[in-house]
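Chain naming here is simple, since letters A, B, ... match the order of the sequence lines and numbering starts at 1 in each.
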Amino acid sequence: MLLENLRLHNFKNYKSSSLTFSPNLNFIFGENGNGKTNLLESISMLCYTKSFLQNSENECLKYGEEGFEISGQFKNAADSLNKIKLTYKNDTNEKEIFYDNEKVTAKNEFIGKFPLVVLSPKDTKLTTGSPQERRRNFDLLISQISRVYLRDLRSLNRVLKQKNSLLKSNLVNKRYSKTELRDMIALWNDEIIEYGVKILIRRLDFIEGFRDYLLESFNKIVGSSYIPVINYESDLLEMGLSETPDFDLIRSSFRELLDRKMDFEISRGISMVGPQRDNYVFRMKKDGELFDVRIFASQGEHKTFVVALKLSEFEYINDNLENSNTGKPILLLDDVFSELDKKRIKKISGILTDYNQIFLTTTDYDYLNILRDNFKSNFGAYQIINGEPQFVN
Amino acid sequence: MQTSETLEKVAEELSKLPSIGRKTAHRIALYLAKSSPQDVISLSDALLSLKDKIKLCPLCCNITEIEPCAICDSPKRNKDTICIVEEPTDVFAIEKTNEFKGVYHVLHGIISPLDGIGPEDIKVKELLSRLSGNVDEIILALNPSVEGEYTITYLSKLIKPLNIKISRIARGIPVGTDLEFADEITIAKAFEGRITL
């Protein structure tokens, strides 16, 4: 997938801009606060329907304006062109997406049509932050290759909302007796099991396949001195289950756990069991010793892990797309070189030519010289000054 | 902008209606203000008679002007089979097919704690009182949402002990659609609901 051009209107600090992109490297530079990341954010909104920074649409509106518009033309692997337009209006707080001028009614049908991998400074949270950060990251990744997964995930979240609402409101209004409540919760639990088992098995299946990709991209960036390890942690798996997915076994231990924790959930007024509480754990093996990345890794190791993780996501999506005409994902690299030493920057620059279209932002124009060694003349450079992009020769 | 209080009031009331926004409400209000008195009076009479004449059928809880409703009263309908739906609009949708010969039961909603709707807020009691009679089969025709699934399981748990045959309508590939053009989710559901031959 390639993004051929982009038009922004009243998006963040962009008044009205049009850009045409290189199919290889797009080098975007400028000083802090001029709108480099905003440009990447607008691309993520076209591909994901949402900002990768989790900003609401309202937060993306240029100050004092009534609405914004982003539109772009994509070209897939079969050379067919698709125009995507996203509009937002402030007064109705309404976001609309148009696919070749036709309004998209089911937005989740859209995810994965324009695959995207983003690496930004906030991704340090993937190795340092809470389990929620990692779940969100991998949920988005799996959703891009499986809309069935996305559907199950949305259903599970809806069921959890309903169950939590029942638990919470009954704490206050005591509408139902304990027995009545238990019966009603048990029925919501049936649905949690229904979707939860599918989600769990899909995640385990994902990790199983993803491990090799992570190992390979580690090898590319740091050589074989580090071996990355990724594991899935879940109360369900701790009940003596192996990570080999067995529907019936997981289903029965899921039910057992939900039954056991039901009184606790009722007294706390919130759900305590399910894949919404699971965790992905990153470890690294160095000199034969295995250590937890979150706790023991150095700044540089954190950064390296995240870069390798994101690059392996690219390869994984590429090999597992539902539709082969889609073509390789687009790669957004936001300020990726900061905090890395020269050696590693050179190494990463060297392998970037293996990827598809790249959008790379930096404050430092000098990096272009390193990249130029690898990309030759296959790049476009843009300087952003106060929301005004300028093509630089 | 100078505007009339009466016009504003009418627009405000109109904008409470489904799929009518503020702009449309104003346009309708203005249109009514310019219409002839007879037109407006006949509209308001029609609206008032809605509340006067329309009631819920004591059996199936569908909206009706006569008691019981035309479907429940018809000798041609099979009273042994009850199709459970969410809203009166679902009855219209099924009736259009001319395929279903049984009777209905309209729940007027669906169980959803988020909206503060529990089983006692929809027409479940009314359903149970009907089941003491001669009912052979229940067909659950609810929407396949998370709340629809919940209501289906809730009702089937209630009905199971009564020894009544109970089923739900199928989900899957729409008629006239080629398999290759159906979306993944529909195909996945169709596989889950496959039928033994």
Side-chain angles (χ1 to χ4, degrees), chain A residues 89 91-92 94 105-106 108-113 143 145-177 180-181 183-196 198 202 247 269 271 321-323, chain B residues 15 18-26 109-122 124-125 128 140 142-161 166 168 171-174 177 179-193:
Chain A
K89 286 192 189 75
D91 60 342
T92 49
E94 205 177 352
T105 43
N108 46 339
E109 282 298 292
F110 196 78
I111 308 282
K113 277 205 163 79
S143 295
I145 56 167
S146 168
R147 266 173 276 177
V148 174
Y149 179 80
L150 180 59
R151 194 263 329 249
D152 288 338
L153 199 64
R154 291 203 170 176
S155 298
L156 177 71
N157 288 338
R158 181 78 188 170
V159 175
L160 285 167
K161 262 193 190 161
Q162 290 284 12
K163 180 179 162 183
N164 285 336
S165 164
L166 179 61
L167 284 167
K168 207 170 154 192
S169 63
N170 213 63
L171 266 190
V172 184
N173 61 24
K174 303 264 186 270
R175 188 174 180 184
Y176 304 106
S177 73
E180 284 172 324
L181 187 62
D183 284 349
M184 297 175 85
I185 293 295
L187 289 182
W188 286 117
N189 285 351
D190 282 350
E191 283 199 70
I192 290 179
I193 293 169
E194 164 83 15
Y195 300 116
K198 287 181 191 161
R202 192 68 182 81
F247 256 93
S271 298
L321 281 170
E322 282 181 338
N323 183 345
Chain B
S15 63
S19 59
I20 296 209
R22 280 197 60 81
K23 262 187 189 162
T24 315
H26 268 108
I110 199 154
I111 301 172
S112 171
L114 275 171
D115 303 305
I117 300 173
E120 53 297 313
D121 301 314
I122 57 176
V124 174
K125 255 199 334 269
L128 290 178
L140 290 158
L142 304 182
N143 290 313
S145 61
V146 157
E147 296 77 19
E149 294 293 327
Y150 184 90
T151 310
I152 286 171
T153 351
Y154 181 86
L155 291 176
S156 55
K157 283 234 160 125
L158 279 183
I159 298 165
K160 271 257 166 67
I166 181 162
R168 57 179 293 172
R171 293 170 294 181
I173 313 290
T177 306
L179 203 54
E180 66 169 316
F181 295 122
D183 70 280
E184 302 84 341
I185 292 161
T186 307
I187 294 177
K189 275 287 159 208
F191 263 84
E192 279 174 25

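- From A:Asp91, atom CG reaches atom CZ of B:Arg22 across 11.5 Å, with rounding to the nearest 0.5 Å.
- Minimum interatomic distance between A:Tyr176 and B:Pro119 (heavy atoms only, all atoms of both residues): OH-CD, 3.7 Å.
- With a 4.5 Å cut-off on non-hydrogen atoms, A:Ser169 does not touch chain B at all.
- Heavy-atom neighbours of B:Lys189 NZ from other residues, nucleotides or ligands within 6.0 Å: above the threshold of 12.
- A salt bridge links A:Arg175 with B:Asp121: at least one charged nitrogen is closer than 4.0 Å to a carboxylate oxygen.
- Residue A:Arg154: no heavy atom, backbone or side chain, is found under 4.5 Å from chain B.
- Here the CG-CD distance, from B:Asp115 to A:Gln162, works out to 6.5 Å after rounding to the nearest 0.5 Å.
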Just distance, no hydrogens or angles: give the donor-acceptor pairs under 3.5 Å from side chains in residues 183-191 of chain A, sequence neighbours left out.
| unit_1 | atom_1 | unit_2 | atom_2 | d |
| --- | --- | --- | --- | --- |
| A:Asn189 | OD1 | A:Lys163 | NZ | 2.8 |
| A:Asp190 | OD1 | A:Arg255 | NH1 | 2.9 |
| A:Glu191 | OE2 | B:Tyr150 | N | 3.1 |

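- Nearest heavy-atom pair across B:Val146 and A:Ser155 is CG2-O, 3.5 Å.
- Here CD of B:Glu120 is found 7.5 Å from CD of A:Glu180. Values are rounded to the nearest 0.5 Å.
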What verdict does the salt bridge (Lys or Arg N to Asp or Glu O under 4.0 Å) test give for B:Glu149 and A:Arg158, after you've listed the backbone C-alpha separation in whole Å, the side-chain angles of each residue and the deciding distance to 0.1 Å?
CA-CA 12 Å; B:Glu149 294 293 327; A:Arg158 181 78 188 170; over 6 Å; no
